[in-house]
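Shown next, in structure tokens, is the structure this report addresses.
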Amino acid sequence: ETGRYAVTEVATRVGYDIGDLVRIPTAKSAIVGRRLADLVDDERRVAEAAAVLGFDARYDIVAAVAALPVERVIDAAAGLARRQLIEPPADDMIRFVHDKLAEAARDALDAPGAPDTPGAPGAGRAASLHRAAAAALEAAYAADVGEVAAALALHHERGGNAKDAARYFALAGDRERTLYALKEAERHYDRAVGVLERLGDVERAAKTLLKLALVHTAAFEPAAMQASYRRAFALWDELRAAMTSHKQRLLRVGQHRPE
């Protein structure tokens, strides 16, 4: 088991010196990118889709992200296993032999000289795959998207869809708060607030801060609780001021309207 996860073994499998793995992560991504380019098309598409989805990836979801039939995904996975990039396929899951390989494969997606894939050329390939991953997960978990809310938030964020990213970060926070996983809830609410503030959605950011204050209350963190309430109330004040200013502008326009 320790040999399977040894860094030296990972370096050997991707074909470069262990010193490069430790010292030059950019070079590592480029080399893995060339390894992916040497794969046959289906193998490369499956490897990239699985890398974007994470360490454990279901065949059907990989198929949706890679835009391939499941049968071709199964054949490609067998080829990747022979190349010792993923574990021998089992229980309908694709797992890289080491998470560093998946990480390097993700980094290689937008590296200079990375191969293009249909519909997602050049620098947009990673974002395109994240958007496909979000769509595939939403379809697969339609009955309970909360189960994969955190993953959906990350895929939407990395795919350039900030509005849905904020919604799923908040949903992930709600789910973790219900499970009393307070640190995880805090982390997801914080991410949601950051995205909402960048979007200028003051009202939703303030409401999420109130939820964050409840998390700090449950965790017996009075200082953090008060800080969250202060931030929320400051945003409410900002929102009220903006609404008042807007109403005043409308009144002025109405007063100067000709009879």
When clusters are formed by joining ILVMFWY residues with side-chain heavy atoms under 4.5 Å apart, either directly or through shared neighbours, do [X] and [Y] land in the same one?
| X | Y | value |
| --- | --- | --- |
| Met93 | Ile61 | no |
| Leu137 | Phe169 | no |
| Leu109 | Leu101 | yes |
| Val65 | Ile86 | yes |

Could you tell me whether [X] and [Y] have a side-chain N and a carboxylate O separated by less than 4.0 Å?
| X | Y | result |
| --- | --- | --- |
| Asp91 | Arg95 | yes |
| Asp107 | Lys100 | no |
| Lys211 | Asp174 | yes |
| Asp190 | Arg187 | no |
| Asp164 | Arg167 | yes |
| Glu48 | Arg106 | no |
| Arg198 | Glu157 | yes |

Q: Apply the side chain to side chain contact (heavy atoms under 4.5 Å, CB included) test between Val62 and each candidate in Ile74, Val70, Leu53; give the one that qualifies.
A: Leu53

Q: Establish, from distance only, whether the side-chain atoms of Tyr189 and Glu184 form a donor-acceptor pair under 3.5 Å.
A: no

Q. Can you tell if the side chain of Arg191 reaches within under 4.5 Å of the side chain of Leu154, non-hydrogen atoms only?
A. yes

Q.
Is the shortest side-chain heavy-atom distance between Asn161 and Lys163 below 4.5 Å?
A. yes

Q.
Going by the rule salt bridge (Lys or Arg N to Asp or Glu O under 4.0 Å), which residues pair with Glu221 if we only count those two or more places apart in sequence or in a different chain?
A. Lys183

Q: Quick one: name the residues clustered hydrophobically with Leu179, using the 4.5 Å side-chain heavy-atom rule over I, L, V, M, F, W, Y, and just say none if it's on its own.
A: none

Under 3.5 Å, side-chain donor or acceptor atoms of residues 222-236 against the rest of the protein: list the pairs with distances, not counting sequence neighbours.
| unit_1 | atom_1 | unit_2 | atom_2 | d |
| --- | --- | --- | --- | --- |
| Ser228 | OG | Ala224 | O | 3.2 |

**Q.** Criterion side-chain hydrogen bond (donor to acceptor under 3.5 Å, both in side chains) on His156 and Glu138, from CA distance to verdict
**A.** CA-CA 11 Å; His156 278 299; Glu138 285 171 336; 3.0 Å; yes

Q: Name the orientation class of the two ring planes belonging to His130 and His155 (parallel below 30°, tilted from 30 to 60°, perpendicular beyond 60°).
A: tilted

Q.
Before you tell me yes or no, could you show the steps for Arg131 and Arg158 under side chain to side chain contact (heavy atoms under 4.5 Å, CB included), namely the whole-Å CA-CA distance, both residues' side-chain angles and the distance that decides it to 0.1 Å?
A. CA-CA 8 Å; Arg131 289 191 292 271; Arg158 293 167 182 171; over 6 Å; no

